[in-house]
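On a predicted model such as this, the values are computed, not experimentally measured, just so you know. Letters A, B, ... mirror the listed sequences (proteins, then strands); counts begin at 1.
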There are 2 protein chains.
Amino acid sequence: MARRTNEQAEATRAQLLDAAEALFCDKGVASTTLDMIARAAGVTRGAVYWHFKNKAEIFEAVCDRATSPMETMLNTLAAEPGEDPLGSLERQACEILQLIARDARMRAVLEILFRGFDGGPEFAEYLAREEESRRDCRCQIESVLEAAATRGQLPPSVSPAKAAIAVTAFVGGLMHDWVLDGDYDLADMAPYLTRVFFSGLRNT
Amino acid sequence: MARRTNEQAEATRAQLLDAAEALFCDKGVASTTLDMIARAAGVTRGAVYWHFKNKAEIFEAVCDRATSPMETMLNTLAAEPGEDPLGSLERQACEILQLIARDARMRAVLEILFRGFDGGPEFAEYLAREEESRRDCRCQIESVLEAAATRGQLPPSVSPAKAAIAVTAFVGGLMHDWVLDGDYDLADMAPYLTRVFFSGLRNT
DNA sequence: TTATATACATACACGAATGTTTGTAAATTG
DNA sequence: CAATTTACAAACATTCGTGTATGTATATAA
């Protein structure tokens, strides 16, 4: 095979990631073979092993392509103290749901992650980081809720820690259910759903 | 090997299921070998292939052992129309959470299911039934919420369909988060969490 | 322009897990 | 008590995917 130009190499790398994303989503991670990825991208396994070390590295690249915008979004939430913590938390939750609803690539990657798989110890590292970041997320939500509590936005019967559990479960459950088989328009529904939930936080 | 008595055979079958449950939960379904299951049960693969057709059949048996009580619980909800639909729905949600919190076997099986895996097409049939039953669940919840709406328990701005989405997401998210890495006492927390959420449904 | 690194294709070696076949001693049946 | 079935163990064949080694023509650097 002739050597290809630098831009062409980047193109095949992107095609490999696209193919892997689609196959992971369709067949599952463990069930997709490196050969399947190569064929879907129009190359052979040689190209795969040139660009990536193994399947786990492809998986990380596929995920990182999509999950980074979501993490930046969560970080902006923590950086924005605001004078209406509960309101901005509600807005953030709504915006994240709408972000997912609009970005097809993120939906695909979330479908892969939600559907789950077990690829042996190679993937343990990445999945551990994933779980770590989810813990961070809950921590940030809890700190925002503490700010809300000090400003009297939460009734005294609702502790920030318990409220954080509820918020995480609700938003996460919404994402999970919609990504896996939601047949409704999440972007439309998001403000409505978040309003119903947060009204329960404000007055028990 | 000497032939073992009928009761002993049933015992080894149960030991195989116990071993499979623990290994599926610990290592993941795809990463556990039939040989690992056999060794953990103190037998060889011969015994495995005697009692089960393949890994998928073991998986089904492991799951059915735990998920059946939960399904009966959901069915009793639909059979109980009641004169306080929203209240009984809240109670049901709370009881399901407490059921999960108490039954270790169900927690293990739910951990397997939530963690997810892809075992190829062999498992497609069972997972399809699983998804089907979840749809049924949402349907039943929606019908209960319609009964609540006709009795004026829901504000007119909250449609039963949308409320069903929210309820499912909340309870499912709570189960998911707690089973995967919840370090709090769900049985204690359940009444509290459900009250906060359902108060949001009652008054937006 | 020549030398070298690149971007793959091709072929091979290897292990791991599965499914199957055969063997067998004891339990069960009639 | 004989005949047969049972509940496994043990050995075998086979498939499948991975990783790696090698080949090679060309883009790029000097």
Do the charged groups of B:Glu60 and B:Lys55 touch, with an N to O distance under 4.0 Å?
-> no
Between A:Asn6 and D:dA27, is there a side-chain N or O to OP1/OP2 distance below 4.0 Å?
-> no
Separation of C:dA7 C1' from A:Leu16 CG (nearest whole Å) | 12 Å
Quick one: on DNA chain D, does B:Arg13 or B:Arg45 contact a more 5' nucleotide (nearest heavy atom)?
-> B:Arg13
Which residue lies toward the 5' end of DNA chain C, B:Lys55 or A:Ala47, if each is placed at its nearest nucleotide?
-> A:Ala47
Is the distance from OP1 or OP2 of C:dC8 to the nearest side-chain N or O of A:His51 less than 4.0 Å?
-> yes
Using whole Å, report how far CZ of A:Phe52 lies from C1' of C:dC8.
-> 14 Å
Return no unless some side-chain N or O of A:Thr5 is found under 4.0 Å from OP1 or OP2 of D:dT26.
-> no
Answer yes when B:Asp181 and A:Arg138 have at least one side-chain N-carboxylate O distance shorter than 4.0 Å, and no when they do not.
-> yes
Starting from the first five and the last five pairs of the helix from C:dT1-D:dA30 to C:dG30-D:dC1, work out the angle between the resulting helix axes, to 10 degrees.
-> 20°
Rounded interatomic separation in angstrom, taking CD from B:Gln15 and C1' from D:dC8 | 13 Å
Should the pair A:Asp84-A:Arg151 be classified as a salt bridge under the 4.0 Å nitrogen-to-oxygen rule?
-> no
Between P of D:dC8 and CG of B:Asp35, the distance in whole Å | 16 Å
Between B:Glu122 and B:Lys53, does at least one N-O distance fall below 4.0 Å, as a salt bridge requires?
-> no
Can you check whether A:Thr12 has a side-chain N or O nearer than 4.0 Å to OP1 or OP2 of C:dA7?
-> no
Basic-acidic side-chain contact under 4.0 Å: B:Arg39, B:Asp35 = yes
Upstream residue (5' side of DNA chain C) when B:Glu7 and B:Glu122 are each assigned their closest nucleotide = B:Glu122
So does A:Arg105 pair up with A:Glu21, basic N to acidic O under 4.0 Å?
-> yes
How close or far is atom P of D:dA25 from atom CD of A:Gln8, stated in whole angstroms?
-> 17 Å
Can you check the B:Glu10 CD to C:dT28 P distance for me, whole Å?
-> 13 Å
Verify the contact: side-chain N or O of A:Thr44 to OP1 or OP2 of C:dT10, cut-off strictly under 4.0 Å; return yes or no.
-> no
Could you tell me the separation between the CZ atom of A:Arg39 and the C1' atom of C:dT10, rounded to a whole number of Å?
-> 13 Å
Would you indicate which nucleotide in C:dG19, C:dA7, C:dA9 comes nearest to any side-chain atom of A:Arg4?
-> C:dA7
Whole-Å distance between C:dT18 P and B:Glu57 CD?
-> 15 Å
Within 6.0 angstrom of B:Arg65 CZ, more than 12 heavy atoms from elsewhere | yes
Below 4.0 angstrom from OP1 or OP2 of C:dC8, is there any side-chain N or O of A:Arg3?
-> no
May I ask you to verify if any side-chain N or O of A:Trp50 is less than 4.0 angstrom from the OP1 or OP2 atom of C:dA7?
-> yes
Distance-only, no hydrogens or angles: does the A:Asp118 side chain make a donor-acceptor pair with backbone N or O of B:Phe117 under 3.5 Å?
-> no
